[in-house]
Chemist: 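Can you keep this structure in mind? I'll have questions shortly.
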Amino acid sequence: MTVTEATSAAPKKGRWIGDWRPDDPAFWASGGSRVARRNLIWSIFAEHLGFTLWTVWSIVTVKMSSYQFTTDQLFWIVSLPNLIGSTLRIPYTFAPARFGGRNWTVVSALLLLIPAVLLAVAVSNPDTPYWAFLVIAATAGFGGGNFASSMANITYFYPQSKQGSALGLNAAGGNIGVSSVQLLMPLVITGFGLAAAGLFWVPFILAAAIGAWFFMDNLTTAKASPRDQLKIAGRAQTWIMSFLYIGTFGSFIGYSTAFPC
């Protein structure tokens, strides 16, 4: 059965694919690779925006001289998105299998409108209290969760022999979002004001959500059990890789957000 036949045999509602066999060479060559690539492209776009909103406060706080906040207070505004985003990665990991990768990409992209719009509202009012900035900055953690769901979703689309390259591209496309923020936001803020740091991303977020809605797919074969995932907690390699991840990605995201301050 070709990918086209498999897709047409699946329920039409919600773009669900009922037959997905990426490790079957004939299935992959007959169109599976094309479907997977299409999902990867939109996944990268949505994840890239997740990283931009996740780290945007690292640039915004530098421009908040009109607010009489201490350095410690500004660091809390920058730190909260990282703390919330790291925590959200746990439930986000299971979301694509539970709700569908395409469906969750749409939802997770639209959730980015919350920190984007609220940022613009907050900095437009000189009387915005510090606690409100903390709450709004915390919502930027939605962007950090996007990485986990995006990576989990793309895993299901690719054969094991190609998952390394696919996940590498997906991760790289997301991580570059940190550079996008630090390159573009100073220019945008200088030209259009501090509120533009949030509003600038709104059209891109809508484009990502619309693109995911029309061009991505859900897989009925995607399964993720929290109980099964907990089994790896007892393996030494899991803890070694976790500490390496803290030292690599943790340093990357930590230094990237702290240095502008």
Side-chain angles (χ1 to χ4, degrees), residues 3 6-7 10-23 27-28 32-54 84-114 141-175 177 205-232 238 245 249:
V3 173
T7 304
K12 294 293 186 180
K13 186 177 181 180
R15 293 182 63 97
W16 287 90
I17 296 178
D19 179 29
W20 186 253
R21 293 171 281 109
D23 288 301
F27 183 90
W28 185 253
S33 60
R34 176 178 53 82
V35 174
R37 188 182 309 112
R38 170 163 46 79
N39 280 270
L40 175 61
I41 290 171
W42 287 101
S43 175
I44 291 174
F45 184 28
E47 186 192 344
H48 180 90
L49 294 172
F51 270 85
T52 62
L53 269 299
W54 193 24
I84 300 300
S86 300
T87 303
L88 286 178
R89 287 190 173 190
I90 298 174
Y92 268 59
T93 297
F94 302 100
R98 176 65 179 83
F99 304 105
R102 171 256 196 177
N103 295 346
W104 186 251
T105 301
V106 173
V107 171
S108 60
L110 290 176
L111 284 174
L112 298 177
L113 291 173
I114 297 175
F142 289 136
N146 277 17
F147 179 82
S149 59
S150 180
M151 295 292 280
N153 181 46
I154 292 304
T155 299
Y156 302 124
F157 279 94
Y158 279 82
Q160 291 188 5
S161 61
K162 298 182 181 296
Q163 285 182 4
S165 57
L167 293 176
L169 288 171
N170 196 55
N175 289 330
I205 293 171
L206 294 176
I210 293 171
W213 179 263
F214 286 107
F215 300 111
M216 292 187 72
D217 303 284
N218 302 310
L219 299 177
T220 60
T221 54
K223 305 294 181 183
S225 169
R227 180 176 298 178
D228 291 340
Q229 293 296 319
L230 285 174
K231 293 179 180 178
I232 66 173
T238 301
Y245 188 73
F249 181 83

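Model, not experiment: these values are computed from the prediction.
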Chemist: Could you tell me which non-hydrogen atom of Ile154 sits nearest to which non-hydrogen atom of Ala166, and how far apart they are?
Modeler: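 For Ile154 versus Ala166, the nearest heavy atoms are CG2-CB, 4.2 Å.
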Chemist: Give me the atom names and distance for the closest heavy-atom approach of Pro91 to Leu88.
Modeler: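 Nearest heavy atoms, Pro91 then Leu88: CD-O, 3.1 Å.
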Chemist: Just by modelled atom types, is the Asn103 backbone N or O under 3.5 Å from a matching donor or acceptor in the Asn218 side chain?
Modeler: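 Such a contact is found between Asn218 side chain and Asn103 backbone.
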Chemist: Please check if the side chain of Arg89 supplies one atom and the backbone of Phe147 the other of a donor-acceptor pair under 3.5 Å.
Modeler: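 Answer holds: no.
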Chemist: One thing to verify: whether Asp217 and Arg102 come together as a salt bridge, which I'm taking to mean a side-chain N less than 4.0 angstrom from a carboxylate O.
Modeler: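 Salt bridge between Arg102 and Asp217, a charged N being under 4.0 Å from a carboxylate O: no.
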Chemist: Nearest heavy-atom pair of Gly173 and Ile44: which atoms, and what distance?
Modeler: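 That would be CA-CG2, 3.7 Å.
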Chemist: Would you name the heavy atoms of Gly85 and Trp54 that are closest together and state the gap between them?
Modeler: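 For Gly85 and Trp54, the tightest heavy-atom pair comes out as CA-NE1, 4.0 Å.
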Chemist: Taking the ring centre of each residue, are Tyr158 and Trp28 less than 6.0 Å apart?
Modeler: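 Aromatic pair counts; centres sit under 6.0 Å.
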Chemist: Which label fits Trp104 and Tyr92: parallel for a plane angle under 30°, tilted from 30 to 60°, or perpendicular past 60°?
Modeler: perpendicular
Chemist: Taking atom CZ of Arg34 and atom CG of Asn39, what is their separation to the nearest 0.5 Å?
Modeler: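 If I round to the nearest 0.5 Å, the distance is 11.0 Å.
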Chemist: Do you know the tightest heavy-atom contact between Phe27 and Pro22?
Modeler: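 Looks like CD2-N, 4.2 Å.
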Chemist: To the closest 0.5 Å, what do you measure between CG (Leu169) and OG (Ser43)?
Modeler: 11.0 Å
Chemist: Nearest 0.5 Å please: distance from the OG atom of Ser149 over to the CZ atom of Phe99.
Modeler: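 Reported value, rounded in 0.5 Å steps: 11.5 Å.
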Chemist: Using modelled atom types only, decide if a donor and an acceptor are shared between the side chain of Trp20 and the backbone of Phe157 within a distance under 3.5 Å.
Modeler: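 Answer holds: yes.
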Chemist: From the options Asn146, Thr52, Asn170, Thr105, select the one residue that forms a side-chain hydrogen bond (donor to acceptor under 3.5 Å, both in side chains) with Glu47.
Modeler: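 Considering Asn146, Thr52, Asn170, Thr105, a side-chain hydrogen bond (donor to acceptor under 3.5 Å, both in side chains) with Glu47 is found only for Asn170.
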Chemist: With rounding to the nearest 0.5 angstrom, report the CZ to CG distance, Arg15 to Leu219.
Modeler: 11.5 Å
Chemist: Within the structure provided, determine whether Ile210 and Trp213 are in side-chain contact (heavy-atom separation under 4.5 Å).
Modeler: no
Chemist: Can you classify the ring geometry of Phe45 versus Trp42 as parallel (below 30°), tilted (30 to 60°) or perpendicular (above 60°)?
Modeler: tilted
Chemist: Give the minimum heavy-atom separation between Ala97 and Ala222, together with the two atoms involved.
Modeler: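 Minimum heavy-atom contact is CB-O, 3.7 Å.
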Chemist: Given Ile114 and Leu111, is the side-chain contact (heavy atoms from CB on, under 4.5 Å) satisfied, shown in steps?
Modeler: CA-CA 6 Å; Ile114 297 175; Leu111 284 174; 4.0 Å; yes
Chemist: With heavy-atom distances below 4.5 Å as the criterion, would you say the side chains of Leu206 and Leu113 are in contact?
Modeler: yes
Chemist: If I take atom CD1 from residue Ile17 and atom OG1 from residue Thr221, how far apart are they, to the nearest 0.5 angstrom?
Modeler: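 That separation rounds to 8.5 Å.
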Chemist: To the nearest 0.5 Å, tell me how far Arg98 CZ sits from Thr93 OG1.
Modeler: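 Atom-to-atom, Arg98:CZ and Thr93:OG1 are 15.5 Å apart.
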